[in-house]
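Chain letters run A, B, ... following the sequence lines, proteins first and then strands; every chain starts at 1.
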Amino acid sequence: MSSNKEVAKLFDQMAAGLEILGANRFRVNAYNRASRVIEDLTEDVRAVVEQDLPTAVKRLTAFDGIGKGMAEKVVEVIETGEMTELKELLQKVPAGVFELLEIPGIGPKAAKAMWEELGIASVEDLKATSDEDLAKVPRMGKKTVANIRKAIAFNEESGDRVPIGLAKPLAIEIREELAQLDGVRQVEYAGSLRRGRETIGDLDFLVACDDSALARDHFVSMPRVTQVLAKGETKSSVRVKAGAVVMQVDLRIVPEAVYGAALMYFTGSKEHNVRLRELAIKQGKRLNEYGLFSGTEERPQDSGAEPLAARTEQEIYADLGLPWVAPELREDRGELERGEKPLIQVSDIRAELHAHTTASDGRLSIEELAREAAGRGFHTIAVTDHSKSQPIANGLTEDRLKRHIEAIREADEAVPEIKILAGSEVDILSDGSLDYDDELLAQLDIVVASPHAALRQDPATATERLLKAIRHPLVHIIGHPTGRIVNRREGLAPDLKALIEAALESDTALEVNANWNRLDLRDTHLRAAVDAGVKIAINTDAHDSRHFDFISYGVQTARRAGMEPESCINTWDADRLHGWLRSKR
DNA sequence: GCCGTTTTCGGCCCGACTGTTTTCAGTCG
């Protein structure tokens, strides 16, 4: 685990503990914010601190949300491995009580009450407590107890946030179902799915319709619904199960006149919304899910006030003096200051530079792969089968690769509508050397070098390994640089700053692997690379024709990094792209 | 605890729904 994530976790725990103890909510919020900022840092926080200890606090406070107090705690954690204040807090609140907060419906007040009244100090304790005893806790009646039982079961069944590649198909299905209802004028999914996050916690739907009762009743009785959590005038909430995917789904029904305001509110992120609302206050306005209003009166919508803007997102941003902000950027990472620079979109992609055939572990022949790519309007497809150290993926020996190159040249003749490049996804071995010798690599049009094994290396070794590959003069692209698998494998945690500098110097591109299991580089790392001016490749790593559709996940990740089309070599025209590839030969 | 186109003090986003209340606290997003 990267040290950023470890440090962030401690601040997160501080926030939870303080909340249980009933601390000032703004203080709690400050810890939450610090945790988020630290987790999002592209620099390794340990490196920042150790670079020069005396000035560490000062440099840390340069990050928004990190003040002197937080900075000193970061330094303490890096130096000693502990946070005194957290240790003291854990004396007061048993670690197991924190687990209770993971259960939907249980907040800090309930956790504290159960612990103080009944000594419940873990989810196991809670499960072992009888309904009768639980109901003795203040403000806890029969219904609350029953909801807690269901929530525990839900948590055990659903586990992690759901990868976007599993959540999106389900969301599209539900959207279609809602769209078919009589009187539904607009329907869209919002939330983290619309923002294109790599994992999705729950699905959020927004509907504008003539008959809200019909939409709501249909929603809570959809076939996949296993439990109804809430059913109100404008807001309903259910749990659904679709195969292995178990998710909460929220529906919000609004008048069409305020659809834009509601869509903004429901898309989030929460932090982005807070920023906008603060900005509105500074301008003497008030923003909520019913619109942007002049004046700072509470609930202006109740007194019949006409909003300045509400129908579309565009007019609300415009009234605040901002260009429309793409959902992918709405994470409070500086998007309000970004201006109107273009963002990359799927239609900009004109080449696939990382794909497999039946020669290794793909399902398409060279020609089938080429025709699929041509059918998608691409000018170039690179055939990059696995190298010999991947026997499990039927990696090619030197002799097989030589014959494969010949076969690719022949296919290139046979399919004139697209340029087929002979390439390889060559393994970066654990010491940073490559799986083929230079003489063979030089015969290839394109080399994608990727780590596949030894993915638990320590950060320093991993950094050296990847630097060696980046600096190799015959390598064009580093494929899925960390080797992480979303929710399943952390992968390597190299010093991103060092990789970025090396990639710039040696003119090597870094990949965003668009397979939703990978999304590697991830959004925050990608942002640092893009800001530094590194060339980026967005590739689907296709093993089958339908894998080409993964491109939308990669592009969305790139949009979250604020990437303009120019940064991405897959958007270049054929001459420019082929020219750059030849510059490494 | 953080932060500053008036500020080093005094703010800090806003609303819906549920359940246990009898006017609202807790939780969520």
Whether the A/Gln248 and A/Ser237 side chains hold a donor-acceptor pair (N or O, under 3.5 Å, no angle test) is what I'd like checked.
yes
Let me know, please, whether A/Val28 or A/Glu298 comes out on the 5' side of the other along DNA chain B by nearest nucleotide.
A/Val28
Just by distance, with hydrogens left out, do A/Thr482 and A/Asp520 show a side-chain donor and acceptor under 3.5 Å apart?
yes
Sticking with atom C1', work out how far B/dG15 lies from B/dG10, rounded to a whole angstrom.
25 Å
Pick base, sugar-phosphate or nothing for A/Asp204, based on heavy-atom distances below 4.0 Å to the nucleic acid.
nothing
Touch check for A/Leu276, heavy atoms < 4.0 angstrom, all strands: base, sugar-phosphate only, or nothing?
nothing
Any donor-acceptor N or O pair under 3.5 Å, side chains A/Arg239, A/Thr226
no
Counting the atoms with a prime plus P, OP1 and OP2 as sugar-phosphate, which does A/Ala110 contact under 4.0 Å by heavy atoms, base, sugar-phosphate, or nothing?
sugar-phosphate
Would you call A/Arg522 and A/Glu39 a salt bridge, taking side-chain N to carboxylate O under 4.0 Å as the test?
no
Which atom pairs, donor and acceptor, lie under 3.5 Å between side-chain atoms of residues 53-66 of chain A and protein residues at least two apart or in another chain?
residue	atom	partner	partner atom	Å
A/Thr55	OG1	A/Asp52	O	3.4
A/Thr55	OG1	A/Asp52	OD2	2.8
A/Thr55	OG1	A/Arg59	NE	3.0
A/Thr55	OG1	A/Arg59	NH2	3.2
A/Arg59	NH1	A/Val48	O	2.9
A/Arg59	NH2	A/Val48	O	3.3
A/Arg59	NH2	A/Asp52	O	2.6
A/Thr61	OG1	A/Val57	O	3.4
A/Thr61	OG1	A/Lys58	O	2.7
A/Asp64	OD2	A/Arg33	NH2	3.4

Would you indicate what A/Asn273 reaches in the nucleic acid, counting non-hydrogen atoms under 4.0 angstrom: base, sugar-phosphate, or nothing?
nothing
With a non-hydrogen cut-off below 4.0 angstrom, is A/Lys270 in contact with a base, only sugar-phosphate, or nothing?
base
Under 4.0 Å between any heavy atoms, over every strand shown, what does A/Thr234 touch: base, sugar-phosphate, or nothing? Just pick one.
sugar-phosphate
Contacts of A/Tyr290 and A/Glu278 projected onto DNA chain B by closest heavy atom; the upstream (5') one is A/Glu278
Span that lies between the C1' atom of B/dT20 and that of B/dC13, in whole angstrom
27 Å
Classify A/Arg252 by what it touches in the nucleic acid, base, sugar-phosphate, or nothing, heavy-atom distance under 4.0 Å.
sugar-phosphate
Suppose we define a pair by two distances each less than 3.5 Å, Watson-Crick or G-U wobble; what does B/dC24 pair with here?
B/dG19
If you look at every strand shown and take non-hydrogen atoms under 4.0 Å, does A/Asn29 touch a base, only sugar-phosphate, or nothing?
nothing
For atom P, what is the distance between B/dA16 and B/dT22, given to the nearest Å?
24 Å
Under a 3.5 Å cutoff, is there a donor and acceptor pairing between the side chains of A/Trp324 and A/Glu313?
yes
B/dG26 to B/dT21 separation - P atoms, rounded to the nearest Å:
12 Å
Using a cut-off of 4.0 Å on non-hydrogen atoms, how would the nucleic acid contact of A/Lys112 be classed: base, sugar-phosphate, or nothing?
nothing
Given the C1' atoms of B/dT5 and B/dG1, what is the spacing between them in whole Å?
24 Å
Under 4.0 Å, heavy atoms only, any strand: does A/Glu19 hit a base, just the sugar-phosphate, or nothing?
nothing
Would you mind classifying the nucleic acid contact of A/Lys282 as base, sugar-phosphate or nothing, using non-hydrogen atoms under 4.0 angstrom?
nothing
Base, sugar-phosphate, or nothing: which does A/Arg33 touch, judged by heavy atoms less than 4.0 Å apart?
nothing
Earliest and latest nucleotide of DNA chain B, 5' to 3', sitting under 4.0 Å from a non-hydrogen atom of chain A?
B/dG1 to B/dG29
Give A/Arg286 one of three labels, base, sugar-phosphate or nothing, depending on what nucleic acid heavy atoms sit under 4.0 Å from its own.
sugar-phosphate
Below 3.5 Å, can you tabulate the donor-acceptor pairs from side chains in residues 331-340 of chain A to any protein atom, sequence neighbours excluded?
residue	atom	partner	partner atom	Å
A/Glu331	OE2	A/Arg195	NE	2.8
A/Glu331	OE2	A/Arg560	NH1	3.0
A/Glu331	OE2	A/Arg560	NH2	3.2
A/Asp332	OD1	A/Arg275	NE	2.8
A/Asp332	OD2	A/Arg36	NH2	3.2
A/Arg333	NE	A/Asp40	OD2	3.2
A/Arg333	NH2	A/Asp40	OD1	3.3
A/Arg333	NH2	A/Asp40	OD2	3.1
A/Glu335	OE1	A/Asp332	N	3.2
A/Glu335	OE1	A/Arg333	N	2.7
A/Glu335	OE2	A/His272	ND1	2.7
A/Glu335	OE2	A/Glu331	N	3.3
A/Glu335	OE2	A/Asp332	N	2.7
A/Arg338	NH1	A/Lys341	O	2.9
A/Arg338	NH2	A/Pro342	O	3.4
A/Arg338	NH2	A/Gly562	O	3.2

Working to the nearest 0.5 Å, report the span between OG1 of A/Thr84 and CD of A/Glu76.
3.5 Å
